[in-house]
Student: 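Structure below; questions to follow.
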Amino acid sequence: AQKITQTQPGMFVQEKEAVTLDCTYDTSDQSYGLFWYKQPSSGEMIFLIYQGSYDEQNATEGRYSLNFQKARKSANLVISASQLGDSAMYFCAMREGAGGTSYGKLTFGQGTILTVHP
Amino acid sequence: KAGVTQTPRYLIKTRGQQVTLSCSPISGHRSVSWYQQTPGQGLQFLFEYFSETQRNKGNFPGRFSGRQFSNSRSEMNVSTLELGDSALYLCASSLDRGPGNTIYFGEGSWLTVV
């Protein structure tokens with residue numbers, strides 16, 4: 001069963017506009033962490049934002065925020081005021097707790113390619 | 001504070017050869033994991049080490065192996081290389097294994113098998 005699903009293979013956004021990248025996850029574990037990473041063409045995986053399963057507030061990091069809807073098992077990334085440098089591949093990932101099969105490791109979605117137009 | 005360092009960054013090998021990739025985690029991080037990324041399969045987990053012990057292993061043949069040293073540095077080895085092993089190999093580290101520990105990645109090692 002797919003644990004992380006990113007349904008948008010590609011997204012386009014105009015510079016300075018906001019964009020939402022979708023992510024749904026599947027786990028029976030109560031304790032888990034959700035992560036978003038940015039991967040430019042150079043290959044480096046850059047950590048953007050983290051949301052814990054017990055966190056009541058949505059995580060925010062600068063222009064990045066995570067829209068966490070636990071009941072729906074979704075963790076969408078919102079990028080505000082898009083910049084040309086935001087063009088990259090974006091991955092949603094999950095790390096489960098000790099009761100999960102992916103304890104200690106990250107399970108990734110297929111990724112979304114974001115293109116920011118000037 | 002230095003990030004995760006991977007060497008070499010780029011390498012070309014011939015089928016049948018073996019290769020060793022190195023990873024130095026962020027200082028103080030004890031969990032090190034490896035991932036393979038290919039256009040067709042996406043990001044796949046290879047293995048995870050914690051306190052010099054392999055704690056988790058992905059679905060890869062025995063040609064893929066790794067180890068972790070007492071200073072948390074890690075190496076992975078691929079023997080009898082195949083064309084399909086061409087990929088970006090990413091190393092990642094975190095303080096501990098739990099879901100609340102952020103995982104940071106290195107720049108990756110681009111392996112081409114010809």
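Treat the numbers as computed from the prediction; the structure is a model and nothing was measured. Proteins get letters first, then strands, A, B, ... in listed order; numbering begins at 1 in each.
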Student: Based on non-hydrogen pairs under 4.5 Å, which of A/S31, A/G52, A/G111, A/S53 is most in contact with chain B?
Tutor: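 Sorted descending by pairs with chain B, the first entry is A/S31.
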Student: Measuring heavy-atom distances to chain B, does A/F91 have an atom under 4.5 Å in its side chain, in its backbone, in both, or in neither?
Tutor: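 For A/F91, the side chain is the part near chain B, not the backbone.
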Student: If I measure from the heavy atoms of chain A, does B/S31 come under 4.5 Å with its side chain, its backbone, both, or neither?
Tutor: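 Looking at B/S31, just its side chain touches chain A.
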Student: For B/I103, is it the side chain, the backbone, both or neither that has a heavy atom under 4.5 Å from a heavy atom of chain A?
Tutor: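 Contact with chain A is through both the backbone and side chain of B/I103.
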Student: Between A/Q51 and chain B, which part of the residue has a heavy atom less than 4.5 Å away: side chain, backbone, both or neither?
Tutor: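 Nothing of A/Q51, per the 4.5 Å heavy-atom cut-off to chain B.
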Student: Which atoms of B/Y35 come close to chain A, meaning under 4.5 Å heavy atom to heavy atom: side chain ones, backbone ones, both, or neither?
Tutor: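 For B/Y35, side-chain heavy atoms alone lie under 4.5 Å from chain A.
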Student: Might you work through the ring-ring contact (aromatic ring centres under 6.0 Å, His included) test for B/F47 and B/F60, ending with a clear yes or no?
Tutor: CA-CA 9 Å; B/F47 24 66; B/F60 279 83; 8.0 Å; no
Student: Name every donor-acceptor pair, under 3.5 Å, that has one atom in a side chain of residues 13-24 of chain A and the other anywhere in the protein, sequence neighbours excluded.
Tutor:
unit_1	atom_1	unit_2	atom_2	d
A/Q14	NE2	A/P118	O	2.8
A/D22	OD2	A/Q8	NE2	3.3

Student: Top residue by heavy-atom pair count (under 4.5 Å) with chain A, among B/Q37, B/R55, B/Q44?
Tutor: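 Ranked by heavy-atom pairs under 4.5 Å with chain A, first place is B/Q37.
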Student: Would you mind checking if B/R9 and B/E107 are paired as a salt bridge, meaning a charged N to carboxylate O distance below 4.0 Å?
Tutor: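 Yes, this pair counts.
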Student: What part of A/T107 gets closer than 4.5 Å to chain B, counting heavy atoms only: side chain, backbone, both or neither?
Tutor: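 For A/T107, no heavy atom lies under 4.5 Å from chain B.
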Student: Assess whether a salt bridge exists between B/D85 and B/K13, defined as any Lys/Arg side-chain N lying under 4.0 Å from an Asp/Glu carboxylate O.
Tutor: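 No, this pair does not count.
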Student: Measuring heavy-atom distances to chain A, does B/Q6 have an atom under 4.5 Å in its side chain, in its backbone, in both, or in neither?
Tutor: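 No part of B/Q6 comes within 4.5 Å of chain A.
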Student: Give, as side chain, backbone, both or neither, the part of B/N101 having an atom under 4.5 angstrom from any heavy atom of chain A.
Tutor: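 For B/N101, backbone and side chain are both near chain A.
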Student: Under 3.5 Å, is there a donor-acceptor pair between the B/R67 and B/S74 side chains?
Tutor: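 B/S74 and B/R67 do not have a side-chain donor-acceptor pair below 3.5 Å.
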Student: Salt bridge check: are B/R63 and B/E82 linked by an N-O gap of less than 4.0 Å?
Tutor: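 B/E82 and B/R63: salt-bridged.
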Student: Kindly say whether A/D86 contributes a backbone atom to a donor-acceptor pair with the side chain of A/Y90 at under 3.5 angstrom?
Tutor: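 Such a contact is found between A/Y90 side chain and A/D86 backbone.
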